[in-house]
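As structure tokens, the structure follows; a few thoughts come after it.
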Amino acid sequence: MSRPVVTRFAPSPTGYLHIGGARTALFNWLYARGRGGKFLLRIEDTDRERSTPEATAAILQGLAWLGLDWDGEVVSQFDRKDRHAEVAHEMLARGTAYKCFATAAEIAAFREAESAKGVSYPVFLSPWRDADPATHPDAPFAIRMKAPRSGDTVIDDQVQGHVTIQNATLDDMIVLRSDGVPTYMLAVVVDDHDMGVTHVIRGDDHLNNAARQAMVYDAMGWDIPVWAHIPLIFGPDGKKLSKRHGAVGVHEYQAMGYPAAGMRNYLTRLGWAHGDAEFFTDQQARAWFDLAGIGRAPARLDFKKLENICGQHIAAADDAALLHEIVAYRAAAGLEALTGGQENGLLRAMYCLKDRAKTLPELLEKAEFVLASRPISRDEAAQKALDPVSRGILHELTPRLQNVSWSKENLESILTGTATAHGLNFGKMAAPLRSALAGRMVTPSVYDMMLVIGQIETIARLEDAAA
RNA sequence: GGCCCGUUCGUCUAUCGGUUAGGACACCAGGUUUUCAACCUGGUAAGAGGGGUUCGACUCCCCUACGGGCUGCCA
């Protein structure tokens, strides 16, 4: 009985990929990928005024960054307008739609008159619904769906449950405009049907529309897909997400240095739960994701939790993969590309870097010791750590490091030995060492730094600092 | 205005009529420590309000409040 799952993401190309849209795409992707199904992409570009190729490119880029791959070609809704019109005419032929000659001005006048009379819900009832074709004028007409005027339409939604909408509150929606251009309400249904979409997972701003769309499916005798209307995402203050909240486009999250795996995990968990699972891999997400686990209330963005999750993913990431992600991040953030030497250094240092950073820029900050080259520039705190006494100790240290085999054990005994000789605990001595080696005070362990940059470079930097 | 949806710790959530309402992030206190990150121990903290139904409601029903959505020849 179970047909293969086909889901889709259908953004309109009027801007960047919104974080909420990204989550919708992610849910669709997870659902399909977890079931061996297909995940399709359709660009709803029928609004020629607002659609731009740049926006389409931005959306594709955003999906690519998040690692959401789609099956087949990207479908352009605009390209399918002839098919939409064909369906509208078929509805006409079936008698489930009719020609309406009412002009926009007439409809506007009707609404105005109705609200003036105090009617709170002016549903426009076209006088042409049951008109004799013989009375049709030779004028432009729109095609309206002949919707049921009584009774209820029940949407069986996987997230919202059974939602009942009274048909009397719905007007006969236009499926084909008088200029022959199909409306969105018709196009979605035709496209979803033609593309074989079995599960429609989308924002709950479409919940009410689902009733009208169900009518189109019925009018054409098509199977209604499984519906799942998911709540929107709110800003940290519980208000609708908008630009004043800061980052709303996924590209901004990339530029802030959140790893894609962390974003996927966080976004999956936002509005969906699988028991107490908080941190999980893509494999687990695909295996666990289901419609039943989706919550009904809008969720707020929480950057602290995003960071925490991202930190765990950075720590768990493969070194080479992490390096690639860092390279991409720097490009996205408009930072200078790393040199080959810096990349190699990063790779060697990754083991002591990745479990101390929650974001990529934080990792890079702590990697300064391997990214910088002599002479090491020091920030203010690092300069303060190099007082005369400290310099003296560094100076005294270098010969001891000269003829030693470079291992953590040896370094440990030399450094702690020197510290105790001066009546210092190791913490006191680590400060000038950090300053000398990295030029800053927030770094990996001093042993790790020395091991990574090597004996010669270590001694050179200590001598520089002691001078 | 009408219709539709929603409401558990600050936040994300678990619970699917019977629990001392659990976990995670954040926060606070203490510990560890080589800075940061991390880690260990403990702690503060929730069913919007009001009615029902029931032996028993966070859970089912109704009302109110608040939030959101839809109400276009926009998508």
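Below, chains carry the letters A, B, ... as their sequence lines are ordered, and counting in each starts from 1. All values below were derived from every heavy atom in this structure, side-chain atoms included, with hydrogens, water molecules and symmetry-related copies excluded.
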When all nucleic acid strands are considered with a 4.0 Å heavy-atom cut-off, which category describes A:R50: base, sugar-phosphate, or nothing?
-> base
Residues at least two apart in sequence or cross-chain that pass side-chain contact (heavy atoms from CB on, under 4.5 Å) with A:I459, listed by chain then number, are A:T398, A:L401, A:Q402, A:Q455, A:E463
Can you find a side chain N or O atom of A:R296 that sits less than 4.0 Å from OP1 or OP2 on B:U8?
-> no
Does one side chain, of A:R50 or A:S12, offer a donor that lies under 3.5 Å from an acceptor on the other?
-> no
Same-atom distance (P) from B:U19 to B:C12, integer angstrom | 26 Å
For B:G67, the nucleotide meeting Watson-Crick or G-U wobble distances (both under 3.5 Å) is B:C5
What one-letter contact string describes nucleotides 31-37 of chain B from 5' to 3', where B marks a base within less than 4.0 Å of any protein heavy atom, S marks contact via sugar-phosphate atoms alone, and - marks no contact?
-> ---BBBS
Identify which nucleotide among B:U11, B:A24, B:A75 has an atom closest to any side-chain atom of A:Y184, counting heavy atoms from C-beta outward.
-> B:A75
Under-4.0 Å salt bridge between A:R296 and A:D204 = no
Note, A:N265 side chain near A:F279 side chain (heavy atom, < 4.5 Å) | yes
All N/O donor-acceptor pairs, side-chain side in residues 99-106 of chain A, below 3.5 Å, sequence neighbours left out:
residue : atom : partner : partner atom : Å
A:T103  : OG1  : A:E106  : N            : 3.2
A:E106  : OE1  : A:T103  : N            : 3.4

Is there a donor-acceptor contact under 3.5 Å from the side chain of A:Q383 to the main chain of A:R378?
-> yes
For B:U41 and B:G50, measure between their C1' atoms and round to the nearest Å.
-> 43 Å
Nearest-nucleotide wise, let me know which of A:D302 and A:L207 is further upstream toward the 5' end of RNA chain B.
-> A:L207
